[in-house]
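Just so you know, these numbers use all the heavy atoms, side chains as well, and skip hydrogens, waters and symmetry mates. Note that ligands are numbered from 1 as they come in the structure, with each ligand's atoms numbered from 1 the same way. Counting from 1, the numbers follow the sequence of the chain as shown.
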Amino acid sequence: MDVGLKIKIKRKRDDAMLFMLIDMDYFFAACEELKRPELKNKPFVVGTSPESQKEFGVVQTSNYVARKFGIKSGMPVTKALPLCKELIYIESHDDYYESISERIMDILRSYSLPMEIMSIDECAIELGEISTDEAVRLGNAIKERIKGKIGLPCTIGISSSKIYSKMVCDEAKPDGVKAVPADQIREFIKDKEVSKIPGIGPKAAAQLEGIGIARIREIADKSPMLLMEKMGSLGTFVYNVARGTDESGIQHSDQLSIGRETTLISGAGTESIDAAIERLAEQTVSEVERRKMMFKGISAKVRYSDFSEKIRSANLKNYTASKEILVRKSKELIADLIKGKQVRKVGVRVYALTDASGQNKLFY
Ligand code: TTP
Ligand code: MG
Ligand code: MG
């Protein structure tokens, strides 16, 4: 088979599209410090098990004080404890971290730029063709806003693709803003280990080692055909990353959307779920009104007790800003998703927005 035909090697772009990657610093641990400031400057970990069974838990994260002792995410707690005598153990509070995450994402949404939520503490934003200086100014403003409104530090990486922005962010941690423009990115990544490329885990790193590659620059010297034979599409991906020609962008949600979610008390019945939907619809519609808009698309989400999630959507015939329509449609969609299952979270969202005069609005 002639695999060569399938290889897509990218050329450098002429334009200067920039991306931003925001990642919260020591997120779960920083959230705990917000509630308990006395933890600051003491080494502690956040773990998966209750305190009384901490030896069965895994370290989800630790503050930077604990990291100095070599403590890392994913480490069994039994391995972390001997590394630091004074190590404090805190049991994880997932719903609390999620509510903070939602507030952070709401702040980021308020900039009306195309964005993709990458994880509970991480978001990629497409900045368009702006100068590096402007991007850094915006980065600092976003950082200040999150610090001011939530009280937590984050780090922001800016570069010519989503992947490069993440790598820049990793290097600028903690509490940093750093930009590496397209023409400097190859130099920036060349001496790093291949495992610093997001998406390259231990297995892919071992495959690369098998063909004599340890550093990113060594990938760029290899034949892309060989990389593809050994690693499939991941081979093409790392080849492009190494040559400074990665163009990974954000996944567009194609339109701006507005919505709200809420966590339910355990065992919530139809009545309290309906009340929650009404509240969420009201908050959503008042945000739509505040922006002087109308919507045509409605989506509803549930999270089941096993943390899996499902979304259902519906399109209306006409634009509206009616709370009643949103409530009725959301209830139908959510009832369809629940079907007797236990749910711990529901969400209501509207999309396909237009401004209230009926004119389509382009956000980006
Ligand atoms: P990360 O952003 O990877 O790490 P972090 O925010 O704790 O620290 P950093 O300053 O280096 O960004 O992960 C975000 C949260 O996700 C983290 O606080 C806890 C959780 N998490 C786990 O539960 N298990 C894991 O193995 C990792 C890596 C993270
Ligand atoms: Mg983080
Ligand atoms: Mg993260």
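With salt bridges taken as basic N to acidic carboxylate O contacts below 4.0 Å, none links Asp170 and Lys196. Comment: Glu98 engages Lys345 in a salt bridge, judged by a side-chain N to carboxylate O separation of less than 4.0 angstrom. Salt bridge Lys323/Glu278: absent, no basic N to carboxylate O contact under 4.0 Å.
Summary of contacts: the protein heavy atom closest to atom 28 (C) of ligand 1 is Ser73 CB, 3.6 Å. For atom 18 (O) of ligand 1, the closest non-hydrogen atom on the protein side is Phe28 N, 3.0 Å. For atom 25 (C) of ligand 1, the closest non-hydrogen atom of the protein is Gln60 O, 3.8 Å.
There is no protein heavy atom less than 4.0 angstrom from atom 3 (O) of ligand 1. Per-atom contact check: atom 11 (O) of ligand 1 touches the protein, criterion being a heavy-atom distance below 4.0 Å.
Looking at ligand 1, you'll find an N or O of Asp121 within less than 3.5 Å of one of its N or O atoms. At least one N or O atom of Phe27, backbone or side chain, sits closer than 3.5 Å to an N or O atom of ligand 1. At under 3.5 Å, not a single nitrogen or oxygen of Ile120, backbone or side chain, sits near a nitrogen or oxygen of ligand 1. The shortest N or O to N or O distance between Val59 and ligand 1 is not under 3.5 Å. For ligand 1, the polar-atom distance check finds an N/O of Thr61 within less than 3.5 Å of one of the ligand's N/O atoms.
Each of the following atoms of ligand 1 lies closer than 4.0 Å to a heavy atom of Tyr64: 9 (P), 10 (O), 11 (O). Those atoms of ligand 1 with a heavy atom of Tyr26 less than 4.0 angstrom away are 5 (P), 6 (O), 7 (O), 8 (O), 9 (P), 10 (O). Remark: ligand 1 atoms within the under-4.0 Å shell around heavy atoms of Asp23 are 2 (O), 12 (O).
Of all non-hydrogen atoms in Pro43 and Asn63, the two that sit nearest each other are CA-OD1, 3.7 Å.
Considering Ser330, Ser299, Ser257 in turn, Ser257 is the only one that fulfils the side chain to side chain donor-acceptor pair (under 3.5 Å) rule with Arg349. Of the residues listed (Ser62, Pro153, Ser73), the one engaging Tyr26 in a side chain to side chain contact (heavy atoms under 4.5 Å, CB included) is Pro153, and it is the only one. Each of Arg109, Met20, Glu126 was scored for a side chain to side chain contact (heavy atoms under 4.5 Å, CB included) with Met115, with one residue passing: Arg109.
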TODO: Could you check Leu326 against Thr284 for side-chain contact (heavy atoms from CB on, under 4.5 Å), going step by step and ending with a plain yes or no?
DONE: CA-CA 9 Å; Leu326 182 57; Thr284 303; 4.0 Å; yes

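For the pair Lys192 and Phe188, the distance from NZ or CZ to the six-membered ring centre is under 6.0 Å and the angle to the ring normal is within 45 degrees. Taking the ring centre of Tyr239 as origin, the terminal cationic atom of Lys222 falls outside the region bounded by 6.0 Å and 45° from the ring axis. Figure legend: cation-pi geometry between Lys162 and Phe19 absent, as NZ or CZ is not positioned both under 6.0 Å from the six-membered ring centre and within 45° of its axis.
Side chain to side chain, Ser313 and Asn315 fail the donor-acceptor criterion of an N or O pair below 3.5 Å.
Less than 2.8 Å away from the Mg ion (ligand 3), the protein contributes these N/O/S atoms: Asp23 OD2, Asp121 OD1, Glu122 OE1.
Ligand 1 has Arg67 within reach: a non-hydrogen atom of the residue lies less than 4.0 Å from it. Ligand 1 is never approached by Glu122 to a heavy-atom distance shorter than 4.0 Å.
A donor-acceptor pair under 3.5 Å is absent between the side-chain atoms of Thr155 and the main chain of Cys169, judged by distance alone.
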